[in-house]
There are 2 protein chains.
Amino acid sequence: MSASLTPRQQQILDWIAERVRRQGAPPTRQEISAAFGFRSPNAAESHLRALAKKGVIELDSGRARGIRLSEPAGVSGDYLPLVGRVAAGSPILAAENVEEELGMNGQSFSPPAHYLLRVRGDSMIDAGILDGDLLAVHRTPEARQGQIVVARLGEEVTVKRFHRRGRKVQLRAANPAYTAIEVDLDQQELVIEGLGVGVLRRW
Amino acid sequence: MSASLTPRQQQILDWIAERVRRQGAPPTRQEISAAFGFRSPNAAESHLRALAKKGVIELDSGRARGIRLSEPAGVSGDYLPLVGRVAAGSPILAAENVEEELGMNGQSFSPPAHYLLRVRGDSMIDAGILDGDLLAVHRTPEARQGQIVVARLGEEVTVKRFHRRGRKVQLRAANPAYTAIEVDLDQQELVIEGLGVGVLRRW
DNA sequence: CGCGTTGCTGTATAAATAGACACCATGTCA
DNA sequence: TGACATGGTGTCTATTTATACAGCAACGCG
């Protein structure tokens with residue numbers, strides 16, 4: 001997608017990101033030039049154009065300090081990845097599935113959350129999980145009766161309540177409009193990706 | 001700590017913080033004026049001076065967009081106070097009401113959350129807010145039709161949907177088993193403590 | 001070889017921006 | 001009563017800033 005940056009370009013991008021993080025506002029052309037010892041603001045201008053062309057920044061024309069970082073860098077620690085739609089066949093935490101990093105500590109949940117998964121549909125509405133809600137997930141392959149799990153059936157990832165009887169598993173929705181999914185462990189592969197440990201909703 | 005802001009000042013500070021969060025750069029005086037309908041950039045200028053005087057922002061003189069938030073976005077850091085039962089008559093954020101500090105950034109919500117309030121009862125169940133859920137609250141005295149608000153009526157703090165017709169306000173539950181609370185602003189005092197901006201549930 | 005990209009210098013200018021000065025109305029505090 | 005904060009309108013200007021134009025040198029690609 002975005003062409004790789006030259007070392008110089010990377011250096012400049014890093015500096016800009018650092019500036020935004022520390023000063024709260026992007027630099028001007030002349031500030032960039034001063035920082036790198038350019039004698040002409042146009043050196044900065046052309047670097048910015050190159051960076052914009054490669055898609056790592058966006059320039060708002062005609063605005064003072066109109067530089068925006070395409071991907072806000074600065075993932076330092078207490079962040080949980082937000083997983084949106086899971087691409088068929090890919091591991092849940094593959095980079096392509098991560099939409100955003102949310103500033104919150106997984107330890108706020110017990111057991112701790114490893115990531116947040118956006119829930120689609122109203123199949124868990126009676127458990128107070130609405131369409132678009134973020135399910136806090138603890139990665140573990142173990143589930144007990146009645147727990148809310150993130151399960152992978154073939155290429156599909158779903159959120160349901162887990163019920164097991166011997167070699168048969170029922171994945172039950174929390175909504176009378178849905179019928180339970182029956183899985184025979186000898187016939188189909190079922191992977192428990194994790195356990196729901198909480199819900200986060202943003203309006 | 002920081003001197004208390006007037007509602008108008010809080011509103012302007014919130015708007016600036018939101019801008020910084022979303023656009024990556026602080027606004028200019030004319031942008032503030034445009035957003036609030038001021039006809040003169042000087043209205044924004046004097047508000048900024050007032051905010052700087054109270055220590056919630058810092059101004060870099062002679063720089064375009066030289067506004068820095070003293071405490072990023074007016075939110076103290078990476079922790080949100082969890083407010084449980086609110087003692088009668090005390091301010092919501094009084095230390096006696098804070099049960100715990102949760103490791104999450106208020107910026108995960110938009111507008112940013114200032115604290116979490118434990119919701120009691122099932123009066124908001126149809127909005128997906130269950131007994132014991134934590135409501136993320138953005139402090140502001142302003143509410144629009146239908147928004148979920150934290151309101152104080154006399155000594156009681158409640159979470160309801162806000163509806164206003166002239167001097168009469170209805171606080172509606174999201175549960176058919178409850179009847180709406182009618183408030184005549186000329187008879188009773190109603191304080192909007194904040195706006196619900198999200199929900200956090202821990203199992 | 002010519003062509004495009006990178007990485008600069010140097011100059012110029014229109015537009016964006018901060019911020020001064022003057023002024024007004026309202027409320028509060030002592 | 002006067003002083004002071006709040007919340008504005010209106011105008012003007014010095015500075016800051018983005019960005020165009022004209023060049024130059026080095027490099028890799030086909």
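Note that these values count all heavy atoms, side chains included, but never hydrogens, waters or copies made by symmetry. Below, chains carry the letters A, B, ... as their sequence lines are ordered, and counting in each starts from 1.
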When rounded to whole Å, the NE2 to C1' distance for the pair B/H47 and D/dA5 reads 12 Å
Regarding the side chain of A/R8, the nearest nucleotide among C/dC8, D/dG8, C/dT5 is C/dC8
What nucleotide among C/dA18, C/dC8, D/dG7 has an atom nearest to a side-chain atom of A/A43? C/dC8
First encountered from the 5' end of DNA chain C, between B/R65 and A/P41: A/P41
Atom-to-atom span, CG of A/D60 to P of D/dA18 - whole angstrom: 11 Å
What is the distance from CZ of A/R39 to P of C/dT11, rounded to the nearest Å? 11 Å
What's the CD-P distance between A/Q30 and C/dG10, to the nearest Å? 15 Å
Atom CZ of B/R49 to atom C1' of D/dG7: distance rounded to whole Å? 15 Å
Give A/S61 one of three labels, base, sugar-phosphate or nothing, depending on what nucleic acid heavy atoms sit under 4.0 Å from its own. sugar-phosphate
Have a look at A/R118 and tell me which of A/V159, A/L135, A/L134 forms a side chain to side chain contact (heavy atoms under 4.5 Å, CB included) with it. A/L134
B/R29 has an atom CZ; how far is it from atom P of D/dC12, in whole Å? 20 Å
How long is the gap from OG on B/S33 to CD on B/E45, to the nearest 0.5 Å? 9.5 Å
Look at the side chain of B/E31 and decide which nucleotide, out of C/dT17, C/dA12, C/dG7, has an atom nearest to it. C/dT17
Between CD of A/Q9 and P of C/dT5 the distance, given in whole Å, is 12 Å
Would you say A/K54 places a side-chain N or O within less than 4.0 Å of OP1 or OP2 belonging to C/dT6? yes
Does the plane of the ring in B/F38 sit parallel, tilted or perpendicular to the ring in B/H47? Use 30° and 60° as the thresholds. parallel
B/N42 vs B/A64, nearer the 5' end of DNA chain D by closest nucleotide: B/N42
Is any side-chain nitrogen or oxygen of B/S46 closer than 4.0 Å to OP1 or OP2 of D/dT6? no
Report yes if the side chains of B/P26 and B/R19 come closer than 4.5 Å at any heavy-atom pair, otherwise no. no
Checking contacts here: which listed nucleotide (C/dT9, C/dT5, D/dA5) is nearest the side-chain heavy atoms of A/S40? C/dT9
Rounded to the nearest Å, what distance is computed from the CD atom of residue A/E45 to the P atom of nucleotide C/dT11? 18 Å
Roughly how far, to the nearest 0.5 Å, is the CZ atom of B/R172 from the NE2 atom of B/H163? 4.0 Å
Would you say B/R63 reaches C/dA18's phosphate, i.e. side-chain N/O to OP1/OP2 under 4.0 Å? no
